[in-house]
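All remarks here apply to the structure that follows.
Just so you know, these numbers use all the heavy atoms, side chains as well, and skip hydrogens, waters and symmetry mates.
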Amino acid sequence: MARNDLRPVVRLRSTAGTGYTYVTRKNRRNDPDRMELRKYDPIARRHVTFREER
């Protein structure tokens, strides 16, 4: 497998509706589904759930 196939770059978009995004990599073997992480949204000034967008 090539590098980009196993660990693709994904964008995590805030569920608070602010439009803020984080960019990260994920391992497709361990996490085949969409990623959800709780991270800080500086526009909303609180921690919210960020979901992977494709």
Side-chain angles (χ1 to χ4, degrees):
M1 279 187 148
R3 174 183 165 157
N4 291 340
D5 293 338
L6 184 59
R7 294 193 71 89
V9 174
V10 295
R11 297 188 82 162
L12 302 173
R13 182 169 299 273
S14 173
T15 58
T18 60
Y20 192 78
T21 60
Y22 280 98
V23 178
T24 187
R25 291 182 175 272
K26 77 167 191 176
N27 189 331
R28 276 211 181 127
R29 284 186 191 155
N30 296 339
D31 301 310
D33 300 328
R34 289 195 183 188
M35 228 174 157
E36 279 193 9
L37 294 175
R38 194 160 161 80
K39 295 180 76 65
Y40 183 74
D41 187 338
I43 299 171
R45 290 195 273 173
R46 60 189 174 100
H47 281 81
V48 295
T49 303
F50 281 74
R51 288 200 182 107
E52 175 186 341
E53 67 174 20
R54 293 189 181 162

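Scanning all heavy atoms of the two residues, the minimum distance from Asp33 to Lys26 falls at O-NZ, 2.9 Å. Nearest heavy-atom pair across Ser14 and Ala16 is OG-N, 3.1 Å. Here the closest non-hydrogen pair linking Arg7 and Arg25 is O-NH1, 2.8 Å. Between Tyr40 and Tyr20 the shortest heavy-atom distance is O-CE2, 4.5 Å. Considering all non-hydrogen atoms of both residues, Leu12 and Phe50 come closest at O-CD2, 3.5 Å. The minimum heavy-atom distance between Glu36 and Thr49, with the atom names listed, is OE1-CG2, 3.9 Å.
A distance of 10.0 Å separates OG1 of Thr24 from CD of Glu52, quoted to the nearest 0.5 Å. Remark: Leu6 CG to Arg28 CZ distance equals 9.0 Å, nearest 0.5 Å. In this structure, Asn30 CG and Met35 CE are separated by 10.5 Å, a value rounded to the nearest 0.5 Å.
Side chain of Arg13 to main chain of Gly19: a donor-acceptor pair is present (N/O by atom type, distance under 3.5 Å, no hydrogens or angles).
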